[in-house]
Amino acid sequence: MRSRRSKGPEAVPKLASCPQLPGPGQIFLDHVGWMVPEMEQASIVFERLGFPLTPYAIHGDRDRETGVLKPAGTANRIAILERGYLEILTPVEGVDTPVTRHMHSALAHHTGVHLIAFSVSDAEEAAEQIQARGFELQPTVDLKRPVEAEDGSQAEAAFTVIRPTFGDFPEARAQVLRHHTPEHIWQRRYLPQDNGLTGLLEVALVIADPSEAAERYSRFLGRMAEREGASLLISLDRGGLRFLDGRGAAEHFGRVSRPPLPAVGAITLTSSDLDKTRYFFLSNGLRPGAINPGHLLIDESEALGVHLIIVPE
């Protein structure tokens with residue numbers, strides 16, 4: 001684990017020049033997922049934040065031998081960004097799977113972000129590498145969900161998803177995936193027009209032992225953790241993860257993170273125009289604070305259990 005001099009909270013990597021999908025050998029922070037008990041109220045929160053949401057869609061797992069689509073037990077709506085996206089997940093009644101059991105357990109802990117997803121160009125290769133680094137994996141999932149394509153036709157979004165055992169990552173479900181149909185995900189009609197938000201930059205995890213968690217994620221992702229002030233930081237080929245204890249989180253966010261530990265305490269997003277973003281939030285009755293003059297912060301009470309940190313693109 002290396003150390004580097006802290007450059008302050010304004011020192012963030014640029015996302016604007018990054019592609020949407022990783023190339024060979026790369027790993028991107030792809031999306032994060034809020035787990036919520038029901039979709040309607042969560043959708044209202046996201047729409048107030050300025051995110052047009054995709055229609056409600058139910059997930060399935062396509063059996064590789066029979067082709068039968070088995071219910072996964074979850075449904076989603078997503079908020080698309082120029083780089084990455086935000087997902088709202090909720091359980092589907094009457095379906096019992098390991099994923100739904102994990103979701104109910106997460107919701108019993110708190111409503112908030114309980115999924116961190118990373119994208120690669122080759123899921124099978126990534127699975128072999130992760131296993132070689134000492135992690136036990138669940139069966140590979142061929143995840144599908146119905147979508148309306150850009151031209152209005154009915155289509156299917158498809159992903160190959162690699163998941164370690166849920167117990168290995170109590171902070172949030174970690175998974176690695178390959179996108180097979182990115183054209184059905186990043187449809188320009190769903191991009192936010194009014195709030196200026198453009199990309200998913202960073203996830204901050206608040207835990208009792210940041211060093212242990214950073215070492216575990218470092219092994220999982222194949223990237224080294226570096227010390228940056230009171231934080232430990234794993235930089236990926238796009239985006240990154242930050243690890244802090246409760247005191248470090250209070251200093252970094254400028255306020256206390258209230259979900260019980262371990263938890264995702266903050267998500268950092270980029271804005272193409274911070275003044276536009278600030279004005280939009282204020283006009284919608286939100287109360288953006290600031291870590292410093294170059295940042296905005298939406299409190300977790302207005303963002304379903306996680307702070308939103310907004311930084312310039």
Side-chain angles (χ1 to χ4, degrees), residues 29-60 71-81 84-95 97 99-117 143 145-148 157 159 171-175 185-187 189-195 197 199-200 203-206 257-260 262-269 277 280-281 283-288 296-310:
L29 175 60
D30 187 76
H31 68 275
V32 295
W34 276 254
M35 294 185 185
V36 302
E38 60 88 26
M39 187 64 74
E40 184 175 356
Q41 289 302 311
S43 299
I44 291 170
V45 171
F46 270 72
E47 288 163 356
R48 188 183 182 207
L49 289 164
F51 294 112
L53 295 172
T54 60
Y56 180 91
I58 296 175
H59 293 114
T74 59
N76 81 349
R77 299 186 75 183
I78 59 177
I80 300 299
L81 298 164
Y85 62 92
L86 312 177
E87 182 175 28
I88 314 172
L89 288 158
T90 195
V92 174
E93 288 187 15
V95 182
T97 67
V99 169
T100 61
R101 290 192 289 273
H102 173 265
M103 182 176 286
H104 286 299
S105 174
L107 286 170
H109 191 265
H110 73 285
T111 295
V113 172
H114 291 285
L115 167 67
I116 308 172
L143 191 67
R145 62 177 173 83
V147 297
E148 182 183 77
F159 319 81
E171 303 84 8
R173 184 208 306 169
Q175 62 188 40
I185 303 299
W186 286 279
Q187 297 186 38
R189 58 179 166 164
Y190 294 124
L191 287 171
Q193 302 299 317
D194 300 323
N195 63 12
L197 298 178
L200 171 62
V203 178
L205 294 139
V206 185
S257 181
R258 286 180 284 275
V264 173
I267 303 297
T268 301
L269 304 174
T277 302
F280 176 84
F281 287 157
S283 67
N284 264 20
L286 297 164
R287 298 163 294 172
L296 299 176
L297 186 142
I298 296 295
D299 188 80
E300 62 193 12
S301 62
E302 297 183 312
L304 291 175
V306 63
H307 298 310
L308 297 182
I309 300 172
I310 319 297

Counting only N and O atoms by type, is there a donor-acceptor contact under 3.5 Å from the side chain of D299 to the main-chain atoms of S301?
yes
Non-hydrogen atoms of A263 and P260 that approach each other most closely
CB-O, 3.6 Å
Where is the tightest heavy-atom contact between N195 and P192, given as atom of each residue plus distance?
OD1-CB, 3.3 Å
Could you measure the distance from the CG atom of L269 to the CG atom of L200? Nearest 0.5 Å is fine.
6.5 Å
Side chain to side chain donor-acceptor pair (under 3.5 Å) involving E302 - partner list, sequence neighbours excluded
R287
F281: which residues meet the ring-ring contact (aromatic ring centres under 6.0 Å, His included) condition with it, sequence neighbours left out?
none
Under a 3.5 Å distance rule, please check whether T97 uses its side chain to pair with a backbone N or O of A72 as donor and acceptor.
yes
Shortest non-hydrogen contact from I298 toward A303
CG2-CB, 4.2 Å
Evaluate the side-chain proximity of L297 to L308: yes if any heavy-atom separation is below 4.5 Å, no if none is.
no
Identify, with sequence neighbours excluded, every residue that meets side chain to side chain donor-acceptor pair (under 3.5 Å) alongside E47.
none
By side-chain contact (heavy atoms from CB on, under 4.5 Å), A75 pairs with (sequence neighbours left out) Y56, I58, T90, V92
Side chain to side chain donor-acceptor pair (under 3.5 Å) filter on S283, not counting sequence neighbours, yields none
Under the salt bridge (Lys or Arg N to Asp or Glu O under 4.0 Å) test, residues paired with R48 that sit two or more places apart
none
Taking side chain as C-beta onward, heavy atoms only, is L205 less than 4.5 Å from I116?
yes
Given side chain to side chain contact (heavy atoms under 4.5 Å, CB included), test M35 with H109 step by step and report yes or no.
CA-CA 11 Å; M35 294 185 185; H109 191 265; over 6 Å; no
With H110, which residues qualify under side chain to side chain donor-acceptor pair (under 3.5 Å), at least two apart?
none
In terms of the angle between their ring planes, are F46 and F51 parallel, tilted or perpendicular, with boundaries placed at 30° and 60°?
tilted
Would you say the side-chain atoms of Q187 pair up with the backbone N or O of E148, donor to acceptor, closer than 3.5 Å?
yes
Taking the side chain as everything from C-beta on, heavy atoms only, tell me whether H31 gets closer than 4.5 Å to L86.
no
Are I267 and I309 packed together at the side-chain level, in the sense that at least one heavy-atom pair is separated by less than 4.5 angstrom?
no
Under the side-chain contact (heavy atoms from CB on, under 4.5 Å) test, residues paired with D194 that sit two or more places apart
F280
Please report the interatomic distance OG1(T277) to CG(L197), rounded to the nearest 0.5 Å.
5.0 Å
Closest heavy-atom pair and its distance - P146, A57:
O-CB, 3.7 Å
Would you find a donor on one side and an acceptor on the other, under 3.5 Å apart, between the side chain of W34 and the backbone of V306?
no
side-chain hydrogen bond (donor to acceptor under 3.5 Å, both in side chains): pairs with one or both residues in residues 35-44, sequence neighbours excluded:
S43-R77
Taking atom OG of S105 and atom NE2 of H114, what is their separation to the nearest 0.5 Å?
9.0 Å
If you measure from CD on E87 to CG on L53, what distance do you get to the nearest 0.5 Å?
11.5 Å
Are any non-hydrogen side-chain atoms of V32 and V264 less than 4.5 angstrom apart?
no
Contacts of P91 meeting side-chain contact (heavy atoms from CB on, under 4.5 Å) (sequence neighbours excluded), chain-then-number -> M103, H104, L107
Please identify each residue that fulfils ring-ring contact (aromatic ring centres under 6.0 Å, His included) with H59, with sequence neighbours left out.
none
How long is the span from the CG atom in N76 to the OH atom in Y85, to the nearest 0.5 Å?
7.5 Å
A157: side-chain contact (heavy atoms from CB on, under 4.5 Å) partners, not counting sequence neighbours:
R145, V147, F159, T181, I185
